[in-house]
Peer 1: 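Mind looking over this structure? Questions follow.
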Amino acid sequence: MSSDLTYLTDLNTFCVNRMDAHSDHIHYRNEDEARNGVSGFYLCLDGEWDFLYSPDSGKREEEFYREDFSGSKVEKIKVPSHVEMNGYGQIQYINTMYPWEGKEMLRPPVIPSVNPVSQYIRYFDLADCMENDRIILRFEGVESAMYVYLNGEFVGYSEDSFTPSEFDITDKVRKKGNRLCVEVFRYSKSSWLEDQDFFRFSGIFRPVYVYSVPACHVADMAARGDYQRDGSGVFTLKLRLSYKDSFKGKLVWSLGDIASGEALLDETVLSYSSDEIRIENIKPYHYKTPHLYDLRITVYDTDGTVVEFIPYKIGFNHIEIENEMVMYNYHRLFICGVNRHEWNPSSGRAISLDDMKKDIELIRGCNCNSVRTCHYPDRVEWYSLCDEVGIYVMAETNLESHGSWQKMNAVEPSWNVPGDDPAWKAIVLDRAKSNYELLKNHTSIIFWSLGNESYCGENIKAMNEYFKNADPTRLVHYEGVFHYPEYKKYVSDVESQMYAPPQRIREYLEKDGSKPFLVCEYMHCMGNSLGGFREYDDLFDEYLSYAGGYIWDFIDQALYKKDEASGEYYLAYGGDFGEKRSDYEFSANGIVRADRVPKPAYEEVRAVYGNRIR
Amino acid sequence: MEIVFGDYSLGIRKADVSYIFAYNLGGLDSLNKGGKEFFYRVPSLAFWRATTDNDRGNGFSRRSCMWMGADLFFNVDDFSAVIDGKELKQGDLRAPGNNSLLDSPLRHAEDASVTFFLSTCTSPSAKVCVKYSVSGKSDGIRVDYTYTGCEGLPEFPLCGMRFILPFRTESFDWDGLSGETYPDRMDGGEKGTWHSDGIPECPYVMAQDYGMHMNTESLTVKSTDGRYLTVESLPDSAFNFSLLAWTPQEIEAAYHPIDLPLKRRSYLTIAAGVRGVGGIDSWGSDVSPQYRLDASGEYKTVFILK
């Protein structure tokens with residue numbers, strides 16, 4: 001069967017056959033592999049794929065997934081990348097407005113009638129060592145909706161552009177000569193939830209893997225180190241296990257040399273929980289001293305052979321609100337933060353590990369101690385980098401719908417998503433769950449954020465409840481409730497506002513002050529800006545409940561483009577690609593330029609944040 | 001010093017330096033050192049900066065666009081001179097008054113100053129007085145700039161003087177704050193002696209004002225052909241400057257730095273007042289009140305050109 005296009009707008013169908021979200025731990029065949037950082041269980045499918053593009057879904061090659069398909073116009077494309085950065089379709093920067101503004105009058109969940117489609121074909125063989133295992137196909141980021149086929153058969157469907165989607169392909173995969181087909185639609189109902197202020201792209205823009213799962217596998221893991229007021233720590237470890245067939249063996253784990261445990265396993269043992277283990281004299285995790293302990297989990301079979309080995313780094317910390325103050329390890333926290341979009345001036349949001357490492361250096365270099373992953377989960381490697389250097393993370397869920405309730409610069413929620421409509425509840429809860437389950441083991445995460453500028457209502461409230469239940473050890477952040485104050489008692493642990501002038505912050509803290517104040521976006525660093533930065537820093541001294549904020553933002557969104565007059569390349573911003581509508585130069589608000597050269601304002605951040613947190 | 005009482009100008013000639021003040025143009029038309037000219041045109045009155053994103057967002061440029069014109073044109077209302085303590089009015093300096101100076105001992109003097117009384121092409125019009133002073137006992141030419149405002153004018157982004165240098169800048173060095181600083185963004189500036197190779201490119205993707213340097217004690221500009229121009233402050237009187245390769249109007253018209261013309265000249269602005277850049281947001285919030293420039297006030301700066 002060809003793709004059932006009703007999925008694209010059916011609110012009940014945002015995933016088909018997609019596996020449950022789980023921790024981002026990586027399993028290795030043995031410790032040697034882990035030391036080298038290359039898991040023999042994984043086969044990376046990145047590279048050159050066959051490609052067909054259709055600007056209109058009605059004119060696509062519907063049969064491309066069939067093994068007997070013989071298309072004549074197959075081209076090549078690099079995976080991962082955005083199709084628009086390869087010359088297909090239209091590059092568009094637009095802020096609040098939905099990308100179809102002025103072209104089609106739509107209401108959710110209806111999508112544009114002309115929907116560009118990218119069809120990808122990749123041939124692959126399994127590695128010999130994978131043949132007896134379960135085989136999982138993993139996409140780390142595909143925008144905005146995809147249908148997956150393998151060897152002519154439908155595998156599954158998924159949305160949510162910024163979290164991994166996994167499919168169990170064990171019963172369809174061959175040892176050799178697999179034909180993987182992915183059909184990506186630029187627009188889906190998710191487009192109503194992914195209205196982030198950024199360049200609008202589509203396609204497979206993060207890595208793709210096939211990995212194998214041995215006879216016994218730690219399918220999910222939740223490890224948490226809670227730092228106690230007396231300097232001790234409480235460690236808990238919970239595991240979910242999966243098996244291919246019958247299995248007998250054991251599991252052994254250790255945390256540095258301070259805690260350990262083991263358990264006998266067989267295929268009926270589906271979970272493992274350690275006790276709450278209390279450990280004296282813990283070195284706490286702090287942005288100045290990001291101490292992490294090595295968690296090592298090994299599964300053995302009855303012969304004592306290692307089935308899989310899982311390393312992870314876990315720190316001990318404690319975040320809470322006490323007397324309307326954000327307290328980290330029992331001391332007041334000064335959040336000197338910055339919002340970060342993923343960006344590269346040559347490849348958009350398809351970024352490299354080197355880009356991430358450079359960002360870590362630049363963010364530390366100007367004395368930021370926290371980053372907000374605006375407004376979606378980042379490539380998963382980012383969180384480990386933050387763990388290692390001590391950058392506290394506000395981990396934001398992939399949700400932004402400001403075009404549905406901000407109209408002509410006014411708050412106008414006559415229709416809005418996700419709102420109160422029960423039909424939108426499961427889809428946004430799934431986004432929250434995907435964010436939490438993937439990232440829950442990262443010590444650097446101090447806030448879960450429900451998304452950005454998505455107004456408020458019953459569905460946002462349900463997301464807040466989800467995070468509170470799933471993870472009582474971290475705080476929940478959401479700003480959009482500011483526009484719907486009746487929900488403040490249900491939503492967000494902090495009073496979060498954006499672009500509040502210092503005086504408005506004083507007014508809240510003087511007249512209300514029932515929650516700590518956090519300015520989730522401030523100091524809009526568009527062009528020549530960041531004047532008056534120190535006035536915000538002064539608030540730390542004036543009010544104990546002022547928790548700090550996140551500068552908007554880290555890096556300009558601009559793309560290299562050739563100037564036809566001179567033949568030289570320059571950094572082009574919104575509107576330079578002939579797109580309408582656009583919000584033009586509003587794409588570029590970084591403290592560093594798109595090419596990662598610090599702007600003059602960077603020095604101001606370095607000085608003011610440095611005085612506060614050094 | 002030799003004083004040359006011309007029909008259009010007053011010249012001052014020292015051993016290796018000469019100056020020509022253009023009565024009709026309202027200022028110092030020539031600064032010549034060692035036979036090399038440093039001025040492409042008479043200094044202009046500076047009242048504009050290329051709109052920053054925040055200026056655009058908060059409507060400043062719409063409210064204050066009168067000053068963009070004032071930055072291009074100005075009125076010359078009057079001029080006078082004082083030579084060795086003897087005051088000469090416009091009527092004494094221009095024909096036929098100057099005929100009586102042919103045999104005057106004032107043609108050789110130790111101290112001379114020329115003052116231009118200018119006014120802005122705004123409605124209402126504000127007064128600007130620029131006094132140039134030269135002494136046989138010291139090097140350089142002292143410039144005293146005074147803007148005297150009046151009620152009814154919108155805020156300006158900047159007020160001062162702009163020197164249009166006929167050369168490309170190879171490098172410049174200054175004593176003051178590192179990097180780019182504005183009144184509300186100076187914490188990142190570190191005091192010291194700093195060097196820049198050439199005039200930096202606009203660091204912003206949308207071309208806009210950049211490159212201001214607050215609280216400077218001295219500046220030396222080196223041209224690509226080896227000419228040096230130095231600006232010095234007086235004790236306890238630091239100056240603010242920017243050195244760009246384009247006028248504010250050229251930058252205003254550019255969407256991208258790459259749209260700007262080739263660097264052919266250097267525009268040195270010495271600012272008595274500089275508006276902050278702001279940053280609360282880029283769609284409405286103005287800069288804090290203490291960093292706005294009220295055009296009804298008085299603004300002064302003084303410095304020495306060498």
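Convention: sequence-line order gives letters A, B, ...; per-chain numbering from 1.
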Peer 1: Could you tell me which non-hydrogen atom of Asp184(B) sits nearest to which non-hydrogen atom of Glu604(A), and how far apart they are?
Peer 2: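 So the two residues come closest at O-OE2, 4.3 Å.
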
Peer 1: Go through the atoms of Tyr602(A) and report whether side chain, backbone, both or neither lie under 4.5 Å from a heavy atom of chain B.
Peer 2: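 When you check distances to chain B, no heavy atom of Tyr602(A) falls under 4.5 Å.
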
Peer 1: Give, as side chain, backbone, both or neither, the part of Glu568(A) having an atom under 4.5 angstrom from any heavy atom of chain B.
Peer 2: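 For Glu568(A), backbone and side chain are both near chain B.
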
Peer 1: Inspect the surroundings of CZ in Arg63(B) and state if more than 12 heavy atoms from other residues, nucleotides or ligands are less than 6.0 Å away.
Peer 2: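 Counting neighbours around CZ of Arg63(B), more than 12 heavy atoms of other residues, nucleotides or ligands fall under 6.0 Å, so yes.
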
Peer 1: For Gln290(B), I'd like to know if atom CD has over 12 heavy atoms of other residues, nucleotides or ligands within 6.0 Å.
Peer 2: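 Correct, the count exceeds 12.
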
Peer 1: Can you tell which part of Tyr255(B) gets under 4.5 Å to a heavy atom of chain A, answering side chain, backbone, both or neither?
Peer 2: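 The answer is both parts of Tyr255(B).
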
Peer 1: Rounded at 0.5 Å granularity, tell me how far CE in Met526(A) sits from CE in Met206(B).
Peer 2: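 So the gap between those two atoms works out to 7.5 Å.
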
Peer 1: Where on Ser282(B) is there a heavy atom nearer than 4.5 Å to chain A: the side chain, the backbone, both, or neither?
Peer 2: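 For Ser282(B), heavy atoms of backbone and side chain both lie under 4.5 Å from chain A.
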
Peer 1: Of the non-hydrogen atoms in Tyr569(A) and Ile258(B), which two are nearest, and what is the gap between them?
Peer 2: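 It is O-CD1, 4.5 Å.
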
Peer 1: If every non-hydrogen atom of Ala572(A) is compared with every non-hydrogen atom of His256(B), which pair is closest and at what distance?
Peer 2: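 Taking Ala572(A) first and His256(B) second, the nearest heavy atoms are CA-NE2, 4.3 Å.
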
Peer 1: Please state whether the side chain, the backbone, both or neither of Asp576(A) comes within less than 4.5 Å of a heavy atom of chain B.
Peer 2: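 The side chain, not the backbone.
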
Peer 1: Check whether any side-chain heavy atom of Ser288(B) lies under 4.5 Å from a side-chain heavy atom of Glu535(A), and answer yes or no.
Peer 2: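 A side-chain contact exists here, since the closest heavy-atom pair is under 4.5 Å.
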
Peer 1: Just so I understand: if I count every heavy-atom pair under 4.5 Å between each of Ala607(A), Pro501(A), Gly527(A) and chain B, which residue has the most?
Peer 2: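 Of the options given, most contacts go to Gly527(A).
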
Peer 1: How close do Ser529(A) and Gly278(B) get, counting heavy atoms only, and between which atoms?
Peer 2: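 Heavy atoms of Ser529(A) and Gly278(B) come nearest at OG-O, 3.3 Å.
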
Peer 1: Heavy-atom distances under 4.5 Å only: say whether Val287(B) touches chain A with side chain, backbone, both or neither.
Peer 2: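 Neither part.
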
Peer 1: Select one option (side chain, backbone, both, neither) describing which atoms of Phe586(A) are under 4.5 Å from chain B's heavy atoms.
Peer 2: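 For Phe586(A), the side chain is the part near chain B, not the backbone.
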
Peer 1: Roughly how far, to the nearest 0.5 Å, is the CZ atom of Arg504(A) from the CD1 atom of Ile280(B)?
Peer 2: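 Interatomic distance, Ile280(B) CD1 to Arg504(A) CZ, rounded to 0.5 Å: 10.0 Å.
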
Peer 1: Could you tell me whether Arg168(B) atom CZ has more than 12 heavy atoms of other residues or ligands within 6.0 Å of it?
Peer 2: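 Incorrect, the count does not exceed 12.
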
Peer 1: Please round to the nearest 0.5 Å and tell me the distance separating atom CH2 of Trp283(B) and atom CG of Asn95(A).
Peer 2: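 The distance works out to 8.5 Å.
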
Peer 1: Heavy-atom pairs under 4.5 Å with chain A: which of Asp281(B), Asp55(B), Thr52(B), Val205(B) has the most?
Peer 2: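 Most heavy-atom pairs within the cutoff with chain A belong to Val205(B).
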
Peer 1: I'd like to verify something: which residue of Asn611(A), Asn589(A), Leu530(A), Leu571(A) has the highest number of heavy-atom pairs under 4.5 Å with chain B?
Peer 2: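 Option with the top pair count is Leu530(A).
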
Peer 1: If you tally heavy-atom pairs under 4.5 Å against chain A, which of Ser178(B), Pro257(B), Gly188(B), Gly279(B) wins?
Peer 2: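 Heavy-atom pairs under 4.5 Å are most numerous for Gly279(B).
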
Peer 1: With chain B as the partner, which of Tyr536(A), Tyr522(A), Phe533(A) has the greatest number of non-hydrogen pairs under 4.5 Å?
Peer 2: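 The option with the most such pairs is Tyr536(A).
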
Peer 1: Can you tell me which portion of Arg56(B) sits under 4.5 Å from chain A's heavy atoms? Options are side chain, backbone, both or neither.
Peer 2: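 Only the side chain of Arg56(B) comes within 4.5 Å of chain A.
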
Peer 1: For Asp556(A), is it the side chain, the backbone, both, or neither that has a heavy atom closer than 4.5 Å to a heavy atom of chain B?
Peer 2: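 Side chain only.
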
Peer 1: Return the minimal non-hydrogen interatomic distance between Asn528(A) and Tyr182(B), and the atom names on each side.
Peer 2: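 Reported closest heavy-atom pair: ND2-OH, 3.1 Å.
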
Peer 1: When rounded to the nearest 0.5 angstrom, what distance separates CD in Glu603(A) from CD in Glu180(B)?
Peer 2: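 Taking CD in Glu603(A) and CD in Glu180(B), the distance rounds to 11.0 Å.
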
Peer 1: Above 12 or not: heavy atoms from other molecules or residues under 6.0 Å from CG of Asn409(A)?
Peer 2: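 Not buried by this count: 12 neighbours or fewer within 6.0 Å.
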
Peer 1: Hey, does Ser285(B) have a side-chain heavy atom less than 4.5 Å from the side chain of His524(A)?
Peer 2: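 Not in contact.
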
Peer 1: Using non-hydrogen atoms and a 4.5 Å limit, figure out which bit of Glu521(A) sits close to chain B: side chain, backbone, both or neither.
Peer 2: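 Contact with chain B is absent: no heavy atom of Glu521(A) under 4.5 Å.
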
Peer 1: Report, as yes or no, whether the 6.0 Å neighbourhood of atom CZ on Arg534(A) holds more than 12 heavy atoms from other residues, nucleotides or ligands.
Peer 2: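 Result for CZ/Arg534(A): open.
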
Peer 1: What pair of heavy atoms forms the shortest contact from Asp53(B) to Glu585(A), and how long is it?
Peer 2: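 It is OD1-CG, 3.7 Å.
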
Peer 1: Count the heavy atoms of every other residue, nucleotide or ligand shown that sit under 6.0 Å from CZ of Arg506(A), and state whether that count exceeds 12.
Peer 2: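 More than 12 within 6.0 Å, yes.
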
